[in-house]
Amino acid sequence: MTAATWRGRPAIVVRGRRVTPAEGLTPEKRDWRVDAYDERGAWIGGVDLPPVEGASPDAAVVDGWLVTPARDRGSRAVHVAAGREAPTRA
């Protein structure tokens, strides 16, 4: 858990594992996930991290954007994708 920003808003950002139980012929699935909460504890956004081998994901979440290094050898490029945001209230 860290203090950060999510799309410019102050947030508490939590990185953890999400487990989807096995169902019928589908095996149990474990994914890394990053969720952000506001000062009241309300969910304001989240992003699923891409699956990787090993204990931790090879990705960073910066201000609600998922940033992953390019897989090309010697490349300094990164891929950026937006995380999901909580629906706004009218």
Side-chain angles (χ1 to χ4, degrees):
M1 182 169 35
T2 60
T5 59
W6 191 271
R7 307 285 172 87
R9 297 171 59 186
I12 299 297
V13 177
V14 180
R15 181 181 296 244
R17 301 285 311 233
R18 180 178 60 184
V19 178
T20 305
E23 186 177 313
L25 298 175
T26 306
E28 179 180 85
K29 183 178 175 187
R30 294 175 181 258
D31 296 310
W32 284 98
R33 172 126 182 107
V34 173
D35 286 300
Y37 301 89
D38 68 11
E39 67 278 358
R40 296 180 321 254
W43 183 81
I44 58 173
V47 63
D48 294 318
L49 300 180
V52 295
E53 297 298 322
S56 65
D58 184 21
V61 177
V62 179
D63 198 34
W65 295 88
L66 174 64
V67 180
T68 55
R71 297 291 179 204
D72 303 330
R73 178 176 272 191
S75 173
R76 294 181 186 207
V78 294
H79 300 285
V80 179
R84 291 190 327 240
E85 291 187 74
T88 56
R89 296 181 196 167

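Nearest heavy atoms, Val13 versus Ala4: CG2-CB, 3.7 Å. The shortest heavy-atom contact between Ala36 and Ala11 is CB-CB, 4.2 Å. Smallest separation of non-hydrogen atoms from Arg7 and Gly64: NH2-O, 3.4 Å.
For the pair Asp48/Arg18, a side-chain contact is recorded, criterion being any heavy-atom separation below 4.5 Å from C-beta on.
Applying the side chain to side chain contact (heavy atoms under 4.5 Å, CB included) test to Asp63 and every residue at least two apart in sequence or in another chain returns Thr5.
A salt bridge between Asp31 and Arg33 is absent, with no side-chain N of the basic residue lying under 4.0 Å from a carboxylate O of the acidic one.
Taken together through direct or relayed side-chain contacts under 4.5 Å among Ile, Leu, Val, Met, Phe, Trp and Tyr, Met1 and Tyr37 form part of one hydrophobic cluster.
Under a cut-off of 6.0 angstrom, the local environment of CD in Glu23 is sparse, with at most 12 non-hydrogen atoms contributed by other residues, nucleotides or ligands.
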